[in-house]
Engineer: 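Below is the structure I would like to discuss, written out as structure tokens.
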Amino acid sequence: MVSWPRRIAIVSRSVRLAPALVVLALTACGGGPGTSGAPGVGDPYFPKAGNGGYDVGHYALDLAYDPAAHRLTGTATITARATQDLSAFDLDLLGLTVDAVTVQGETTRWSRGGQELTVRPPRALDGGDTFEVRVRYSGTPRTITDPDGSQEGWLRTDDGALALGEPTGSMAWFPGNHHPSDKATYTIEVTVPRGLRAVSNGELTGERTSRSGTTFSWRVTEPMAGYVATVAIGGYEIRRSTAGGVPVYTAVHPREENADELPEVMAWARDTFGPYPFSSTGVIIARAGDSEYALETQNRPVFPGTPDTGLLVHEIAHQWFGNSVTPESWKDMWLNEGFATYAEWLWQEDHGGDSAQRTFEALYASDDTDLWAFPPAEPAGAGHISDRPVYDRGAMVLHKIRQRVGDDAFHGLVRGWAAARRHGNASTGDFTRYVERRAPDEDFSGIWTDWLYGEGKPDRP
Ligand code: TRP
Ligand code: ZN
């Protein structure tokens with residue numbers, strides 16, 4: 001590792017404002033030290049989401065929340081690998097107060113601007129280095145209003161809180177590389193006042209009570225995107241069981257009912273999509289009104305009140321499509337929502353309801369302008385990634401593929417996709433290439449141009 005003159009660090013800082021200076025800065029120091037990691041990964045819809053220059057391997061979050069004071073205290077220890085020489089790098093964190101930052105145990109300089117926490121390690125990191133950055137922080141975490149008007153981040157509830165992260169809410173409660181393309185393992189420890197529980201992703205590895213409260217320790221061993229990380233704090237009732245050999249940990253708000261169909265939905269989903277990608281399952285049933293929507297938080301989705309079967313199927317299907325196979329960017333959201341919606345159609349078809357063909361035809365007959373507003377693979381903007389074309393037209397794309405290849409090949413294709421990209425990321429292009437490779441004798445080009453990328457309602461169903 002090399003240290004470098006402060007002057008260069010200042011030059012590289014202005015890089016953010018003037019891309020032309022990147023070239024200058026790199027030339028001036030031969031592409032070596034004095035290079036800042038980019039403040040975003042280049043997501044077309046959320047340009048500041050995530051950061052360049054490193055890859056996170058593991059987050060160790062140590063949190064304490066006092067619901068009466070609405071105060072969160074946290075230490076985030078992040079283990080990452082530099083993918084380039086780094087004189088500085090960013091983490092995403094919105095709101096809260098940063099109390100201290102260390103890199104490799106050494107106190108380091110940092111600054112903040114918007115959602116970017118810029119860390120300047122005392123010694124430059126070399127590309128390929130593994131490093132540990134630790135951030136101590138505290139304060140009242142924010143609720144964020146999405147570009148589409150929905151609420152995420154840290155939501156207060158009657159007796160606790162609920163953390164939801166899609167698409168950008170996770171930066172409201174821990175610093176990180178908050179973009180779906182950088183998945184990592186986690187340990188999440190949460191201390192809450194005695195009598196309350198803290199439920200999170202993965203498996204509960206410990207629970208201990210001391211004078212300061214009860215600490216719940218969670219461990220996530222499969223890669224997880226930050227937007228499906230969660231913490232639910234409240235007077236939850238816990239139910240433990242197993243479903244097809246997978247441990248179930250379910251938390252139900254005392255005023256709500258459990259989702260009793262979980263074992264049946266899990267069994268059906270495994271038959272339909274292949275092996276379950278995670279080492280535990282369950283649901284978090286918050287109180288109706290605690291959030292405006294359900295979210296497929298990893299291992300155990302969150303529901304505002306007891307879900308109906310369709311919604312349960314949707315969020316469980318996301319464990320395969322979204323959480324295990326994760327979009328490369330927010331543009332690829334239809335790979336999540338099209339599949340989760342199509343899962344609802346398939347469940348209906350398999351349980352005496354409408355066939356997927358019928359559901360498709362009914363949708364095609366609709367002239368609802370919302371449904372045809374934009375192509376599923378090209379949402380009309382950051383405020384539209386959860387709109388109907390992403391869900392319903394996304395599912396229609398999958399049905400078109402099924403019509404083309406036939407039922408058996410389609411089921412093989414869906415299971416194959418989940419297996420091929422298990423615990424990874426994928427873009428729309430990855431998906432279309434996969435389909436074409438699996439069925440080389442078919443021509444999908446019309447489906448892609450009309451259904452996936454085409455504006456407006458396709459001329460023929
Ligand atoms: N992605 C969630 C699901 O399909 C729903 C969701 C999350 C949502 N954030 C949203 C819907 C914002 C509308 C607006 O289960
Ligand atoms: Zn969904």
Side-chain angles (χ1 to χ4, degrees), residues 180-181 183 222-225 228 243-246 265-279 281 296 298-299 313-329 331-351 355-357 359-360 376-377 390-453:
S181 57
K183 304 206 283 188
E222 292 98 11
M224 178 167 80
V228 283
V246 178
V265 171
M266 281 285 294
W268 173 85
R270 294 162 91 174
D271 285 347
T272 311
F273 307 133
Y276 181 64
F278 303 118
S279 39
T281 183
E296 62 265 27
Q298 192 151 308
N299 303 90
V313 167
H314 181 107
E315 305 306 341
I316 293 299
H318 271 311
Q319 304 304 313
W320 282 259
F321 307 105
N323 300 1
S324 170
V325 184
T326 302
E328 188 61 45
S329 90
K331 191 173 190 171
D332 307 309
M333 179 79 158
W334 81 277
L335 289 174
N336 286 9
E337 301 306 344
F339 272 96
T341 302
Y342 200 69
E344 295 177 62
W345 300 10
L346 287 173
W347 169 277
Q348 278 180 34
E349 174 173 299
D350 288 350
H351 293 82
S355 65
Q357 174 65 24
T359 307
F360 175 90
V390 174
Y391 284 70
D392 291 341
R393 256 190 89 170
M396 292 176 97
V397 171
L398 297 176
H399 192 71
K400 292 302 297 176
I401 297 168
R402 178 178 170 186
Q403 287 177 335
R404 181 64 47 90
V405 300
D407 287 2
D408 287 352
F410 179 74
H411 277 107
L413 214 142
V414 168
R415 294 168 66 98
W417 173 245
R421 295 288 169 156
R422 183 178 162 97
H423 295 158
N425 289 90
S427 66
T428 300
D430 292 331
F431 177 73
T432 55
R433 281 187 292 275
Y434 177 82
V435 171
E436 286 164 355
R437 228 181 21 250
R438 284 284 303 241
D441 298 335
E442 303 290 344
D443 179 10
F444 296 96
S445 56
I447 299 178
W448 306 152
T449 41
D450 296 347
W451 286 90
L452 194 49
Y453 294 107

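We use all heavy atoms of the structure for the numbers below, so side chains are in, but hydrogens, waters and symmetry mates are not. Values in this document were obtained by computation on a predicted structure and should not be read as measured data.
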Engineer: Sequence neighbours left out, what passes side chain to side chain contact (heavy atoms under 4.5 Å, CB included) with D450? Give chain and number order.
Structural biologist: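 Partners of D450 under the side chain to side chain contact (heavy atoms under 4.5 Å, CB included) test: P458.
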
Engineer: Is the centre of the F431 ring less than 6.0 Å from the centre of the F321 ring?
Structural biologist: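 Aromatic pair excluded; centres sit 6.0 Å or further apart.
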
Engineer: Do W268 and F273 have ring centres separated by under 6.0 Å?
Structural biologist: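 Yes, the ring centres sit under 6.0 Å apart.
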
Engineer: What I'd like to find out is whether the side chain of Q357 reaches to under 4.5 Å of the side chain of E349, using heavy atoms alone.
Structural biologist: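 Side chain of Q357 against side chain of E349, heavy atoms only: no contact under 4.5 Å found.
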
Engineer: Applying side chain to side chain contact (heavy atoms under 4.5 Å, CB included), can you list everything that pairs with A439, at least two apart in sequence or on another chain?
Structural biologist: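 Result, side chain to side chain contact (heavy atoms under 4.5 Å, CB included) vs A439: V405, E442, F444.
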
Engineer: Of T428, L335, N425, which is the lone residue that meets side-chain contact (heavy atoms from CB on, under 4.5 Å) with E328?
Structural biologist: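 Among T428, L335, N425, the one meeting side-chain contact (heavy atoms from CB on, under 4.5 Å) with E328 is N425.
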
Engineer: Is W320 reaching over with its side chain to a backbone N or O of P275, donor-acceptor style, under 3.5 angstrom?
Structural biologist: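 Looks like yes, one N/O pair under 3.5 Å.
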
Engineer: List for me each residue that meets side-chain hydrogen bond (donor to acceptor under 3.5 Å, both in side chains) alongside T326, sequence neighbours excluded, and say none if there are none.
Structural biologist: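 By the side-chain hydrogen bond (donor to acceptor under 3.5 Å, both in side chains) rule, T326 matches K183.
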
Engineer: Check for a donor-acceptor pair, side chain of D332 on one end and backbone N or O of S329 on the other, with a separation under 3.5 Å.
Structural biologist: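 Yes, D332 side chain to S329 backbone: donor-acceptor pair under 3.5 Å.
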
Engineer: Check side chain to side chain contact (heavy atoms under 4.5 Å, CB included) between V246 and all other residues, then give those that pass, not counting sequence neighbours.
Structural biologist: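 For V246, the residues satisfying side chain to side chain contact (heavy atoms under 4.5 Å, CB included) (neighbours in sequence not counted) are R270, Y276, T281.
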
Engineer: What residues form a salt bridge (charged side-chain N to carboxylate O under 4.0 Å, His left out) with R433, not counting sequence neighbours?
Structural biologist: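 Partners of R433 by the salt bridge (charged side-chain N to carboxylate O under 4.0 Å, His left out) criterion, ordered by chain and then number, come out as D430.
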
Engineer: Run the side chain to side chain contact (heavy atoms under 4.5 Å, CB included) test against H423 and tell me which residues pass, sequence neighbours left out.
Structural biologist: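 Expected list: E222, P223, P277, F278, S324.
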
Engineer: Do F410 and L398 make a side-chain contact, defined as non-hydrogen atoms from C-beta onward lying under 4.5 Å apart?
Structural biologist: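 SC-SC contact between F410 and L398 confirmed.
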
Engineer: Just by distance, with hydrogens left out, do R402 and Y342 show a side-chain donor and acceptor under 3.5 Å apart?
Structural biologist: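 Yes, because at least one side-chain N or O of R402 sits under 3.5 Å from a partner of the opposite role on Y342.
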
Engineer: Check the angle between the aromatic planes of W347 and H351 and answer parallel, tilted or perpendicular using the 30° and 60° thresholds.
Structural biologist: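 Rings of W347 and H351: parallel, as their planes differ by under 30°.
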
Engineer: Between the main-chain N or O of G338 and the side-chain N or O of T341, is there a donor-acceptor pair closer than 3.5 Å?
Structural biologist: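 No: the side chain of T341 does not pair with the backbone of G338.
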
